[in-house]
Amino acid sequence: MSTEDRDSQTLEELLAIMHEHDLDRLKVTSGDAVFELVRREPGAQTFVAPAPSAPAAAPAGNAGGAPVPLAAPANVKRVLAPLTGVFYRSPSPDADVFVNEGDRIAEGDVICILEAMKLFNEIQSEYGGTVVRVLAENGELVAQGEELFWIAP
Amino acid sequence: MGTAFAKIRYVERTGSTNDDAAELLGAPEGLGLTIVAEAQDRGSGRKGRSWIAQPGTSLLFTTILPRAIPTADLWILPYAAAIAVRRALFESGVPTTLHWPNDLLVGERKVAGILCATRIVGDQAWVAAGVGINVHRIPGAQAGIEPPPAFCDDIVPVERTALLERMLLVFDAWNETLSMPQRIARVWERAAGLPGKRYRLLLDGAREPFEATAIGIATGGGLIVERAGGARETIELADARALR
């Protein structure tokens with residue numbers, strides 16, 4: 001059996017363990033090999049139709065064991081940053097966030113703020129639906145075109 | 001006035017005219033509306049800094065554009081607003097220079113500042129320009145404001161109502177030029193002494209400032225600078241101070 005086959009078999013076994021015990025994260029070290037499996041954030045799965053492009057777990061051993069970025073499932077609308085700026089999830093630091101993952105939103109709801117130089121922008125959602133994922137970190141500089149949210153109908 | 005900016009709402013005191021305008025962005029009753037306040041409790045600048053104004057000293061207002069603009073052109077808005085305010089001040093006898101990102105200076109002192117607010121829905125944006133202009137100097141009232149501000153009165157007596165009227169007439173012309181962002185960027189550069197103006201810049205999140213020569217405005221609104229040695233970069237977010 002080749003190393004690839006063995007790794008693949010190990011991954012399948014680990015995946016089965018994750019599902020059986022409903023684990024979000026699993027890290028196993030075997031000799032030189034490190035297997036780290038991370039499931040999408042809790043709640044996210046509920047809204048995503050079967051999507052081959054979005055694996056439930058990502059094998060790691062890559063830089064820092066970080067989860068591999070996921071491609072948006074086909075049924076999801078992607079909200080992109082309309083301009084470069086700092087991403088804020090709430091209107092002020094002590095206020096509640098506009099939206100959380102799992103929230104139902106209506107078209108036109110304000111979902112975040114992007115602050116550029118001398119330009120304070122409220123971003124309204126073009127889509128109604130459920131917030132499946134929040135992809136940017138609060139207070140982070142995001143570039144124009146970067147994905148901010150996934151909204152499922 | 002026969003302009004698209006003829007609606008004016010005057011309030012004695014408010015938190016911030018920008019906050020008041022933000023609630024009306026996209027609403028029919030907000031189109032072309034200017035909100036003027038004698039005093040603000042929560043007037044703000046970049047990163048939540050306060051804009052301090054004693055009652056009776058300043059012209060504080062926010063004007064909502066009478067139409068939506070393409071989101072792709074939004075970056076030009078603060079620059080366009082600065083050019084419009086500079087034009088109105090010039091016509092009132094107060095010549096100013098522009099300072100990145102968009103303050104207006106008399107000599108080296110700030111006489112006016114601008115902060116824009118928008119509401120973006122996909123490829124359309126509803127926009128408002130918030131403007132604060134120091135008009136009347138009241139002896140002693142500016143103590144403690146650092147760096148010390150400039151006032152229109154330092155140059156020539158200016159009446160605030162007349163200045164607002166002039167401002168709205170300029171906005172009426174300015175409204176059309178927003179569809180030409182590159183042209184506005186070039187006008188702004190000339191009025192700000194670019195290329196060639198030296199700045200000391202402190203990038204957001206950085207500890208040490210650096211000095212660089214400002215070259216121009218990039219599409220997207222960043223400031224293109226050249227560091228010692230010739231390396232060029234585009235600055236998106238920073239505090240800036242012009243050097244002599």
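Chain identifiers are assigned alphabetically (A, B, ...) following the order of the sequence lines, protein sequences preceding nucleic acid strands; residue numbering begins at 1 within each chain. Computation of the quantities below employed the complete heavy-atom set of this structure, encompassing side-chain atoms and omitting hydrogens, waters and symmetry-equivalent molecules.
- When heavy atoms are compared at a cutoff of 4.5 Å, B/L74 approaches chain A by way of both its backbone and its side chain.
- Other residues, nucleotides and ligands contribute more than 12 heavy atoms inside 6.0 Å of the CZ atom of A/R89.
- The environment of A/E137 atom CD is sparse: at most 12 non-hydrogen atoms of other residues, nucleotides or ligands sit within 6.0 angstrom.
- Within the 4.5 angstrom heavy-atom criterion, only side-chain atoms of A/L141, from C-beta onward, approach chain B.
- Applying the side-chain contact (heavy atoms from CB on, under 4.5 Å) test between A/M117 and each of B/L237, B/L223, B/D204 identifies B/L237 as the sole match.
- A/R78 CZ: 12 or fewer foreign heavy atoms inside a 6.0 Å radius.
- When the shell of 6.0 Å around CZ of B/F210 is examined, it contains more than 12 heavy atoms from other residues, nucleotides or ligands.
- Considering every non-hydrogen atom in both A/K118 and B/D103, the closest pair reads NZ-OD1, 3.7 Å.
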| side-chain contact (heavy atoms from CB on, under 4.5 Å) between B/I120 and A/L83, intermediate numbers included | CA-CA 10 Å; B/I120 300 174; A/L83 73 172; 3.9 Å; yes
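- In this structure, chain A has a heavy atom under 4.5 Å from the side chain of B/W100, while its backbone stays farther away.
- The CZ atom of B/R119 sits 10.5 Å away from the CD1 atom of A/I123 when rounded to the nearest 0.5 Å.
- Separating the CD atom in A/E122 from the OG1 atom in B/T118 is a distance of 8.0 Å, to the nearest 0.5 Å.
- Within a 6.0 Å radius of CZ in B/R67, other residues, nucleotides and ligands contribute more than 12 heavy atoms.
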